[in-house]
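Hydrogens, waters and symmetry mates play no part in the numbers below; they use all other heavy atoms, side chains included.
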Amino acid sequence: TIDHLRRRAIRGVGGEEEDSIGMLERVAVDEGTPSQVFGLRDLGERGSDLLGEALITFLDEAFLAGEWQRLQVVELLLGQGERNSHVARELGIADESAVAGIKFRALKRLAHLAGQAQGGHLKDEISQAVSEGRMDLDLAQTWKRVSASCPHRYWWARLAQGPVGEGLRDYLRFHLDRIGCDTCQATYEDVDQPVGELEPLVSRLQASTIIHLRQKR
């Protein structure tokens, strides 16, 4: 099973080489025996869970560090499956190699986080596979399933009030307008109330955020 997965390319990382792969090569995959199929499915599901945890941790780190451009680049590359050249043009990054560097470091960090997870032998396979870009895991699908980049409700309440930094505001608007996250759009509309009505909610969100951060430590 592991050897089979190693021979298949990782999906959802916006690889430039995809254009050269013919349609027949993409669909002509040997499905194997029923037991192999179920084994692959089980490994894929457990691997997706580990990868989802690594994604959330990675994005939390970038968010707390205020690395807003990095978040936008990674969300377009891994969450949306866009190509390096497209991301560079969209975000106004003159050097496309800078985008490639962000992707490389993101995958390296994800591999490290997956290697630290509780997963026995599987975590090592996921870690090595992600770092080498050869695991049959769909990063974009996992990203959406775990809502990896969705900011905490507290930040949408802050945006509704107005007093947020320019970088944070730009990223939140990017997540709403460019990514089109329906969940966060609903959250933002829910907290976009007159300030007087919002203050009790903000206080509760601040308290819950502090508790959440302490538990993560």
Under-4.0 Å salt bridge between E75 and R178: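 No.
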Side chain to side chain, [X] and [Y], heavy atoms closer than 4.5 Å:
X	Y	answer
F58	V74	yes
R145	Q141	no
K103	V73	no
V99	L76	no
L176	L172	no

Y171 and W68 aromatic ring geometry - parallel, tilted or perpendicular at 30°/60° bounds: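 Parallel.
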What are the two closest heavy atoms between [X] and [Y], and how far apart are they?
X	Y	answer
A148	I56	CA-CG1, 4.2 Å
A88	E96	CB-CA, 4.2 Å
E82	L77	O-CD2, 3.4 Å
A160	V191	CB-O, 3.7 Å
A140	G79	CB-O, 3.5 Å
S149	W143	OG-NE1, 3.1 Å

For [X], all residues meeting side chain to side chain donor-acceptor pair (under 3.5 Å), sequence neighbours excluded:
X	answer
W155	none
Q185	E189
R173	D177

Roughly how far, to the nearest 0.5 Å, is the [atom2] atom of [Y] from the [atom1] atom of [X]?
X	Y	atom1	atom2	value
L113	L51	CG	CG	10.5 Å
H152	R158	NE2	CZ	13.0 Å
L107	I102	CG	CD1	12.0 Å
R109	T57	CZ	OG1	8.5 Å
T187	D182	OG1	CG	10.5 Å
T183	R153	OG1	CZ	12.0 Å

